[in-house]
J.: 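Take a look at the following structure, please.
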Amino acid sequence: MRRGACERVSVETPTLPRSNAPTDSMTLLAFETSCDESSTAVVQNGRIISNVVSSQVQLHAEYGGVVPELAAREHLRNLIPVAKTALHEAGITAEQIEAVAATQGPGLPGALMVGFKFAQSLAFNLRRPFVGVHHHEAHLYSPWTQGNPPAADFAEFEPNVSLIVSGGHTMLVSVPAELKHQLLGSTVDDAAGECFDKIGKMMGLPYPAGPEIDRLAEDGNPAAYAFPRPMIHEPHDDFSFSGLKTSVRYFLRDHPALLEDSQRVCNLSASVQAAIVEVLVAKTIRAAKRAGVHCVTASCGVTCNRALRRELAAACQREGLKLKLADKGLCTDNAGMIGLLAERKLLHQTGDTSLDADILPGWMLGTTDVTARA
Ligand code: KG4
Ligand code: ZN
């Protein structure tokens, strides 16, 4: 996936020649604007034909985190150019769209509003069905999406426990069947990505610090400093990362010279990363074993972390569990995953969403597979 600051970038999927496109499939246009990525995708017959993402990460880096008002304004600026590019890359016109989808929640209200209302207006104008999608429900199927162009292999689906781990969320979800899910647990304070970002800020690293800590940790000793592994032994599936952040804050207060030594910065990065990864892996494996499933999946931004990918793979191998990790290009927010789920919902006739429906910024990943209606 090509990404850049506030510029049009897109997943490098080839445009399908029209002659290769299935004639009996649905062509769906999807929008994702829940946080700091403006994205539009064309999905057809379970395949992501184009997936254009305009990332705002450099815009927000200056402030050390996402500024909601700026995010909404940037979506307003980017969405039409991004949508035009997605249509162009897919080789279709707006009139060929047979359904429209958008992220309905959860997310930043102003940001969600831009994509959701734009998509509803388009569906109204084209007289096409509209589907509002739960952002995290869409993430549940990214690990099943592979290839070029990326396609969701629902035939391969099996019951699993899914780890969704980003800058805003850390949750474990039981997915017993396609389009069915139950939230097992989530963070009671900071998300794992937020913990990476906040600790990185204390270390003077640029936002978002997760990828930087990942990079520095490769040259560090994960056993150099012992940080707490919050809630690792608790029997429930909730997480807590704010205590770890505080522990690093006090550690840096007591060892201020450490940040001037590059090897010790690498050791600190590796030690922090090891604490976060160990908690994520231990709790995911325990939840999977308790649920009696044979498969673990993971997606969202922090799933790009190399140590997490390695440790999850090692733990799953030890426990005889199959592991499906989302491809790095589909870990972060993109409209392709929204479109794939929306198409699946329309094909399963779980219902479309009213054109009067409102955004649901606080929408919890519940126990239902029914598309939310306002
Ligand atoms: O899913 P995402 O793009 O956006 C949301 O938070 O919704 O995730 C971004 C988060 C940030 O906190 C970022 O620091 C973290 O994912 N992240 C990483 C890595 N790549 C992204 N954390 C650790 N290691 C990485 N390689
Ligand atoms: Zn996300």
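In each ligand, atom 1 is the first atom listed, and ligand 1 is the first ligand listed. Quick note: residue numbers are just sequence positions, from 1.
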J.: Can Thr27 and Gln44 be counted as having a side-chain donor-acceptor contact under 3.5 angstrom?
T.: yes
J.: Considering both backbone and side-chain atoms of Phe196, is one of its nitrogen or oxygen atoms within less than 3.5 Å of a nitrogen or oxygen in ligand 1?
T.: no
J.: Using a plain distance cutoff, I'd like to know if Asp197 has any nitrogen or oxygen under 3.5 Å from a nitrogen or oxygen of ligand 1.
T.: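 It does: an N or O of Asp197 is found under 3.5 Å from an N or O of ligand 1.
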J.: Are Cys35 and ligand 1 in contact, using a heavy-atom cut-off of under 4.0 Å?
T.: no
J.: If we count only N and O atoms by modelled type, under 3.5 Å, do the side chains of Glu32 and His135 hold a donor and an acceptor together?
T.: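 There is such a pair (donor and acceptor under 3.5 Å, judged by atom type) between the side chains of Glu32 and His135.
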J.: Please confirm if an N, O or S atom belonging to His139, backbone or side chain, lies less than 2.8 Å from the Zn ion (ligand 2).
T.: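 Short answer: yes, at least one N, O or S atom is under the cut-off.
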J.: Regarding ligand 1, does Asn305 bring an N or O atom to under 3.5 Å of one of the ligand's N or O atoms?
T.: yes
J.: Check for a donor-acceptor pair, side chain of Gln273 on one end and backbone N or O of Ala270 on the other, with a separation under 3.5 Å.
T.: no
J.: Considering only heavy atoms of Pro208, which atoms of ligand 1 have at least one such atom less than 4.0 Å away?
T.: 13 (C), 14 (O)
J.: So, are Asp190 and Lys245 salt-bridged, with charged N and O less than 4.0 Å apart?
T.: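 Yes, this pair counts.
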J.: Any atoms of ligand 1 less than 4.0 Å from a non-hydrogen atom of Asp214? List them with their elements.
T.: 24 (N), 25 (C), 26 (N)
J.: Side chain of Asp214, backbone of Arg306: donor and acceptor closer than 3.5 Å?
T.: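 Checking the backbone N and O of Arg306 against the side chain of Asp214, a donor-acceptor pair under 3.5 Å is found.
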J.: If I apply the N/O under 3.5 Å rule, does Gly301 come out as touching ligand 1?
T.: yes
J.: Measure Pro211 to ligand 1 on non-hydrogen atoms and call it side chain, backbone, both or neither using the 4.0 Å cut-off.
T.: both
J.: Got a salt bridge between Asp237 and Arg290, using NZ or NE/NH1/NH2 to carboxylate O under 4.0 Å?
T.: yes
J.: To the nearest 10 degrees, could you say what angle the Zn ion (ligand 2) makes with OD1 of Asp333 and NE2 of His135?
T.: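 It rounds to 100°.
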J.: Nearest non-hydrogen atom to atom 10 (C) of ligand 1 belongs to which of Ser34, Cys195, Gly167, Gly65?
T.: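 Heavy atom nearest to atom 10 (C) of ligand 1 belongs to Gly167.
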J.: Does a side-chain heavy-atom distance below 4.5 Å link Leu108 with Ser34?
T.: no
J.: Using a strict 4.0 Å cut-off to heavy atoms of Gly193, name the atoms of ligand 1 that fall inside it.
T.: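 Under 4.0 Å from Gly193, ligand 1 has these atoms: 12 (O).
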J.: Is the shortest distance from a Lys or Arg side-chain nitrogen in Arg128 or Glu98 to a carboxylate oxygen in the other one below 4.0 Å?
T.: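 No.
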J.: Could you tell me whether the side chain of Ser269 and the main chain of Ala217 form a donor-acceptor pair under 3.5 Å?
T.: no
J.: Please determine whether a side-chain nitrogen of the Lys or Arg among Lys201 and Glu194 lies less than 4.0 Å from a carboxylate oxygen of the Asp or Glu.
T.: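 Salt bridge flag = no for Glu194 with Lys201.
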J.: Return a yes/no value for Gly210: is any of its N or O atoms, backbone included, closer than 3.5 angstrom to an N or O of ligand 1?
T.: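 For ligand 1, there is an N or O atom that lies under 3.5 Å from one belonging to Gly210.
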J.: I'd like to check which ligand 1 atoms, numbered from 1 as shown, lie under 4.0 Å from a non-hydrogen atom of Gly168.
T.: 6 (O)
J.: Give the atoms of ligand 1, by number and element, whose distance to some non-hydrogen atom of Cys304 is under 4.0 Å.
T.: 20 (N), 26 (N)
